[in-house]
Every structure is written in C-alpha cells, then in structure tokens.
Student: 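Take a look at this one; I'll ask things after.
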Amino acid sequence: MRARVLVAVMVPYWGFWESSAGGAAFRSDRRDLLDDVVECLAGADVDVVWSGMVDSPEAGATAAEAISAAGAQVLVVAQSMAVPPTYAMAALDRLGDLPVVVWAVQRCRTLRTGFDQSDITTMGATVGTPMLTNLLVRSGRPFELVVGGIGDGPVVEKLAGTVGAAAVAGSLASARIARVGRPIDGYACVDVDDEVLMAATGIELIPVDPAEIRTLYDGVSDMAGLEAEVAGRYEDATEDPEGTTRSLRLAAAIEELDRVRSFDAGAMNCHVAEIRFGEEPGVTPCFGLGRETTRGVPWSCAGDVLTAVAMLVAKRLGGAALYHEIEAIDFDTGEVAIANSGEHDLGWCRGGARPRLQPNPWYRSDPITGLSAWFELPPGPATLVGFTPHHDEPSGFRLIAAEGEITGRSFPDSPTVGGAFRFAGGKPVGEAWRRWALAGANHHSAVAPGSLAAGVGVVARYLRIGYVRIT
C-alpha cells in the first residue's frame, strides 16, 4: 500500500482585477476555489496539511513558514488568474527543493457566448500560469504542470498521480541505501561510485560491513513474533528446521539493521564468508530481503545498488516491487519470463492466497538451505523500472520504464516468485526487449503493479536525471 502524501495547496490572488470581476465578491470566489481544490485532493492518497491564498510577497513568505512547519511533501499551486509571480515565488524561494506541482485550473470547460472582460479575469489560468512557470523554467527548478477543470475526473486523477510521484522524488533526494559489502566480483554492471550518485541525486549509499549482519544475527534471541507471523502468512513446505531457524534469525537481523540505521532500501552481496559461506548464518538471506521489501524497505541482492534505487522508485509508486531478471523470451506468445533468486513482496500476492514457504531451490546444494517464498504474480498492468549511469545524460544517470502486463501465464516449476510479462505497444517482443537493453538497463530490474511510466518520468524530472520510456 502506498503511503499517503502530505500536501500544501496555494491559490495566488491579485486584488488588482476585482473591479472587473465583481468587486470583493471575487476574493470570496477564489476562496471557494481553494476549498474546491482541497476537496478534490482529499481522499486520493493525499492529506492536505495546509491551504491558503497568497496575495502579496509578504503573504508568500508567511505561507512558506506554515508549509514548512506542517511537513508538506509537495506544494500544489492552483493558478486560476493573472497574478504577479513574485507572490508565489516568495514562498517557493524559501521552500528549497520542495516539489511543486502547478495546476492551471478552470471552473468551466466551455466558454460562454457572452465571454467578456470579467471571464478573462475569472478564467485566466492560461495567463497566470505562464507568469509563474516562466520564472520556474528560468531558474531551472523542476515542476510539473497539470491543466484542466475542477470537475474533470481524469484531470483530478492525473493531479493526484503527479502529486504522488512528486512526493516519491522528494523522498528519494534524501534516501539512505545500505550497501552490504561490495557487488559480486566482476559485476560492474550493478555498481556505481557512491559520491557520484549522491552528487547527482542526493541518494546516499552507506557502506555496511557484512560482519555487522553476522553480529546482528548472533544477537537475535526472541523469534516468537516472527515465527507467529510466518505461521499466519505462509503455507509451510519447509523440510529443514535448522534452515528455517537460521533464515528467520537472518530476517530479524536485517530488520534490526534497517530500524537502527534508518535505511530506506538496501543492496546485499550475501555470497561472502560472513553470511552465506560462513559456519553461521550459513544460508542466503533471500527470505529476509523479501520480508523487508514487503515491509516497505526494498532490498536487492548481488550488491546491486542500481536496482536498489529502481526498487525504491517502483515500491513507492506502485505499492509493491519485485526484484527480478528477464530470464528468457517466448517469441511465439510475445511474453518474457521473470524470476529471481528468492526475493518477494507480499504486497503483490494474489488476494486471499497463502504463499508457499520453501527451501530456496537455487541453493539446494548448500550444507544448509535457506528459505524463500513462492507465489505467482496475479495478472494485470505492470511496469518494469531500471536505473543506470548513462553517458548521454547531463546528470550522468537515467531512469527507464516499460509498461506492460503480467499475463497470468503459469510457470508452476519456476523456482521463485515471478510470472510472464508482455511489453505494451504491440511491437514484437524481441524488439521491445532490445529497446529495453539499449536504454541501459542491466540484467536486474524492478517490476511493480500498475501503469507507472508517467510517474517514473515525473520522478526523473524532479531528480533532474534522464528518463527513457520503452514504447
């Protein structure tokens, strides 16, 4: 489930035009407009924490203080008339990088036959909006622009979606991602320079010695709550009590790491002496990584910090995210198979289904086999999300999105959570996958429920990085 977004709503106003729009009643009309905008946003995963009219630079400065104090994640500026842009900018300049969404809003969809100077004033969104957006463009400040009427359902839906994606972008700009060890030897395709990433996006990669995982594992003593959670959520098909115990202790250790260090996401290479190849834990942490992803802290494996970023975007936009590979192509059906090494996200489990808890089939040859969950993804719209450094982008980085669908085709012998994905757009599957690879995606990516490409693009624009949509 996606978190609700905390939003501030501002309506700029200029009393200069009152003489042509009904006098003092015009100010009252704009207050009613503000109330209507707030009502439109309420209930769409949005909590309006501040709203107000701004009719001077001084009012803008005061509004900025109140918006900051309210903890707003996004500011919606509902521009309905011609107003000196310095009024709103007095707030924006004080609000740093708070994401801004401008709504060029009209009450009516049509122009009446008697359209006159009063209507030019009251319906002047197309005059007031570029007064503000011109200054935003000049300054290089990212923003999104939504155009349409208050009573237009699709417009309000687009506004809510844009606001949600803006909030995701704002959260990413200060995200903390755990880097447990380094990637698997030779896996340069999943790695990035920590300082370069932070300079471009604000995302901080924080090194964690694998020995810290071992220490946390050793410190786990009470697993009663976790055992009850597993019993209530999963159909148990495990065979090795020792493997189960170690996997649950490792899951508890990763949860404690996330809690103590306040991580937003993580990337782990478990194939080291302190974790998989040690006497203890001696198992892979796939179950624990999936459990953390389900809890809202997405993790990737193999030390793939790039896909950890993609997972964070996908999870916060779609409410669930599966770390995966595109394993193979079915050229006859136009599908690709997706699977992974044992990760999962119960947020995408079919309603009412109980996923199977099993020894991870990939690691049966290990002395002790850790756990993984198994279920098939339910059919419906889905989006692949990738993240990569890219030499063509001025920022040095790019987000990639490809919409499509989980078809519902079953692979009952597939070892891990997954299914079949079909790219949208109607192109041959080989050509669609070719475009995905040429855009720069590595062999891992995130997949999330829903048609999220527009939201991924919004995130990229606020982060000032590149974006490619595969069509």
Side-chain angles (χ1 to χ4, degrees), residues 175-198 203-218 243 246-247 249-258 260-261 263-293 297-312 321-325 339-345 360-372 386-389 415-417 441-446:
R176 293 164 45 85
I177 297 181
R179 180 199 272 276
V180 180
R182 302 297 299 189
I184 293 174
D185 286 347
Y187 267 41
C189 56
V190 307
D191 205 3
V192 68
D193 182 276
D194 301 27
E195 293 182 1
V196 171
L197 177 66
M198 187 171 186
I203 297 170
E204 185 178 8
L205 299 178
I206 300 171
V208 177
D209 192 310
E212 186 173 343
I213 301 295
R214 169 62 194 268
T215 299
L216 290 169
Y217 172 89
D218 289 341
R246 294 190 183 194
S247 290
R249 284 182 66 188
L250 198 46
I254 300 169
E255 179 184 359
E256 181 68 2
L257 177 74
D258 286 337
V260 171
R261 303 284 292 273
F263 288 131
D264 297 290
M268 181 183 298
N269 175 15
C270 73
H271 308 292
V272 295
E274 296 87 349
I275 306 176
R276 179 188 173 198
F277 296 136
E279 186 171 334
E280 285 210 39
V283 296
T284 58
C286 305
F287 172 77
L289 301 187
R291 180 172 177 267
E292 288 305 284
T293 299
V297 185
W299 278 78
S300 64
C301 82
D304 189 343
V305 291
L306 297 175
T307 302
V309 175
M311 286 283 289
L312 195 52
L322 182 69
Y323 175 79
H324 76 283
E325 298 172 339
N340 56 36
S341 55
E343 297 75 25
H344 68 281
D345 185 341
N360 192 325
W362 286 111
Y363 303 107
R364 286 283 197 177
S365 61
D366 285 3
I368 298 175
T369 304
L371 299 181
S372 65
F387 177 74
T388 184
T416 59
V417 174
N442 74 49
H443 65 299
H444 301 144
S445 53

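Values below: all heavy atoms of this structure, side chains included; hydrogens, waters and symmetry mates excluded. Throughout, residue positions are numbered sequentially from 1 according to the sequence presented.
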Student: With sequence neighbours excluded, tell me which residues meet side chain to side chain contact (heavy atoms under 4.5 Å, CB included) with Asn269.
Tutor: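 Partners of Asn269 by the side chain to side chain contact (heavy atoms under 4.5 Å, CB included) criterion, ordered by chain and then number, come out as Ile184, His271, Val272.
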
Student: Just jot down the side-chain hydrogen bond (donor to acceptor under 3.5 Å, both in side chains) partners of Ser247, sequence neighbours excluded, or say none.
Tutor: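 side-chain hydrogen bond (donor to acceptor under 3.5 Å, both in side chains) check on Ser247 returns nothing, list empty.
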
Student: Taking Thr293 for the side chain and Asp345 for the main chain, is one N or O donor matched with an acceptor at less than 3.5 Å?
Tutor: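 Such a contact is absent between Thr293 side chain and Asp345 backbone.
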
Student: Going by side chain to side chain contact (heavy atoms under 4.5 Å, CB included), name the residues that satisfy it together with Glu325, two or more places apart in sequence or in a different chain.
Tutor: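 Glu325: side chain to side chain contact (heavy atoms under 4.5 Å, CB included) contacts with Glu327, His443, His444.
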
Student: Asp218: which residues meet the salt bridge (Lys or Arg N to Asp or Glu O under 4.0 Å) condition with it, sequence neighbours left out?
Tutor: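 So Asp218 forms a salt bridge (Lys or Arg N to Asp or Glu O under 4.0 Å) with Arg214.
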
Student: Quick one: which residue pairs count as a salt bridge (charged side-chain N to carboxylate O under 4.0 Å, His left out) with a foot in residues 265-278, not counting sequence neighbours?
Tutor: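 Residue pairs passing salt bridge (charged side-chain N to carboxylate O under 4.0 Å, His left out), neighbours aside: Arg276-Asp366.
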
Student: To the closest 0.5 Å, what do you measure between CG (Leu197) and CD1 (Ile203)?
Tutor: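 With rounding to 0.5 Å, CG (Leu197) is 5.0 Å from CD1 (Ile203).
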
Student: Mark yes or no for whether His344, through its side chain, and Leu322, through its backbone, hold a donor-acceptor pair below 3.5 Å.
Tutor: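 Such a contact is absent between His344 side chain and Leu322 backbone.
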
Student: If you compare all heavy atoms of Ala175 against all heavy atoms of Leu312, which two are closest, and at what distance to 0.1 Å?
Tutor: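 Of all heavy-atom pairs spanning Ala175 and Leu312, the closest is CB-CD2, 3.8 Å.
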
Student: Applying ring pair (Phe, Tyr, Trp, His ring centres under 6.0 Å), name anything that partners Tyr217, two or more places apart in sequence or on another chain.
Tutor: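 Ring pair (Phe, Tyr, Trp, His ring centres under 6.0 Å) list for Tyr217, sorted by chain: empty.
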
Student: Identify, with sequence neighbours excluded, every residue that meets side-chain hydrogen bond (donor to acceptor under 3.5 Å, both in side chains) alongside Ser300.
Tutor: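 Here no residue qualifies.
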
Student: So how far is it from Ile368 CD1 to Thr284 OG1, rounded to the nearest 0.5 Å?
Tutor: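 Reported value, rounded in 0.5 Å steps: 11.5 Å.
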
Student: Once salt bridge (Lys or Arg N to Asp or Glu O under 4.0 Å) is applied, do any residues pair with Arg179, and if so which ones, sequence neighbours excluded?
Tutor: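 In terms of salt bridge (Lys or Arg N to Asp or Glu O under 4.0 Å), with neighbours along the sequence ignored, Arg179 is linked to Asp191, Asp194.
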
Student: Can you see which heavy atom on Ile213 is nearest to which on Ala253, and at what distance?
Tutor: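 Minimum heavy-atom contact is O-CB, 4.2 Å.
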
Student: Under the rule for salt bridge (Lys or Arg N to Asp or Glu O under 4.0 Å), what residues qualify as partners of Glu343, not counting sequence neighbours?
Tutor: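 Glu343 satisfies salt bridge (Lys or Arg N to Asp or Glu O under 4.0 Å) with no residue once adjacent residues are dropped.
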
Student: Using the test side-chain hydrogen bond (donor to acceptor under 3.5 Å, both in side chains), find all partners of Glu256 that sit at least two apart in sequence or belong to another chain.
Tutor: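 Scan of Glu256 (side-chain hydrogen bond (donor to acceptor under 3.5 Å, both in side chains), adjacent residues dropped) gives Arg259.
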
Student: Tell me whether Asp264 contacts the main-chain N or O of Arg176 through its side chain, where contact means a donor paired with an acceptor under 3.5 Å.
Tutor: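 Such a contact is found between Asp264 side chain and Arg176 backbone.
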
Student: How long is the straight-line distance from CD1 of Ile254 back to CD1 of Ile275, given to the nearest 0.5 Å?
Tutor: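 The CD1 atom of Ile254 is 7.5 Å from CD1 of Ile275, to the nearest 0.5 Å.
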
Student: Trp299 versus Pro285: any side-chain heavy-atom pair under 4.5 Å?
Tutor: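 When only atoms from C-beta onward are counted, Pro285 and Trp299 do not touch, as no gap falls below 4.5 Å.
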
Student: I'd like to know if the side chain of Asn360 reaches the main chain of Gly370, judged simply by a donor and an acceptor atom lying under 3.5 Å from each other, with no hydrogens or angles considered.
Tutor: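 Such a contact is absent between Asn360 side chain and Gly370 backbone.
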
Student: Nearest 0.5 Å, what's the CG-CE distance between Leu257 and Met268?
Tutor: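 Rounded to the nearest 0.5 Å, the CG-CE separation comes to 7.0 Å.
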
Student: Do Ser445 and His324 come within less than 4.5 Å of each other through their side chains, counting heavy atoms only?
Tutor: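 They are in side-chain contact.
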
Student: With no hydrogens and no angle check, is any side-chain donor or acceptor of Tyr323 less than 3.5 Å from a backbone partner on Thr307?
Tutor: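 Side chain of Tyr323 to backbone of Thr307, a donor-acceptor pair under 3.5 Å: no, none is there.
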
Student: Identify the heavy atoms of Met311 and Ala446 that sit nearest to each other, and give their distance.
Tutor: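 Scanning both residues, the minimum pair turns out to be SD-CB, 3.6 Å.
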
Student: Kindly write out the residues that satisfy side-chain hydrogen bond (donor to acceptor under 3.5 Å, both in side chains) with Arg261, not counting sequence neighbours, or none if the list is empty.
Tutor: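 Applying side-chain hydrogen bond (donor to acceptor under 3.5 Å, both in side chains) to Arg261 gives Glu212.
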
Student: Measure across Gly243 and Leu371 and return the closest heavy-atom pair with its distance rounded to 0.1 Å.
Tutor: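 Minimum heavy-atom separation between Gly243 and Leu371: O-CG, 4.4 Å.
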
Student: Partners of Pro361 by side chain to side chain contact (heavy atoms under 4.5 Å, CB included), sequence neighbours excluded?
Tutor: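 For Pro361, the residues satisfying side chain to side chain contact (heavy atoms under 4.5 Å, CB included) (neighbours in sequence not counted) are Gln358, Ser372, Pro415.
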
Student: How many angstroms lie between atom CG of Leu250 and atom CZ of Arg291, to the nearest 0.5 angstrom?
Tutor: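 Between Leu250 CG and Arg291 CZ, I get 11.5 Å after rounding to 0.5 Å.
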
Student: Could you report the tightest heavy-atom contact between Ala308 and Ala265, atom names first, then the distance?
Tutor: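 Of all heavy-atom pairs spanning Ala308 and Ala265, the closest is O-CB, 4.3 Å.
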
Student: Where is the tightest heavy-atom contact between Val192 and Pro389, given as atom of each residue plus distance?
Tutor: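 Looking at all heavy atoms of both residues, the shortest contact is CG2-CG, 3.9 Å.
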
Student: Look only at the side chain of Thr369 and the backbone of Tyr363, and say whether a donor-acceptor pair between them is shorter than 3.5 Å.
Tutor: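 Between the backbone of Tyr363 and the side chain of Thr369 there is a qualifying donor-acceptor contact (under 3.5 Å).
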
Student: Within a strict 4.5 Å, meaning less than it, do heavy atoms of the Trp362 and Thr416 side chains meet?
Tutor: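 In short, these two side chains touch, coming nearer than 4.5 Å.
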
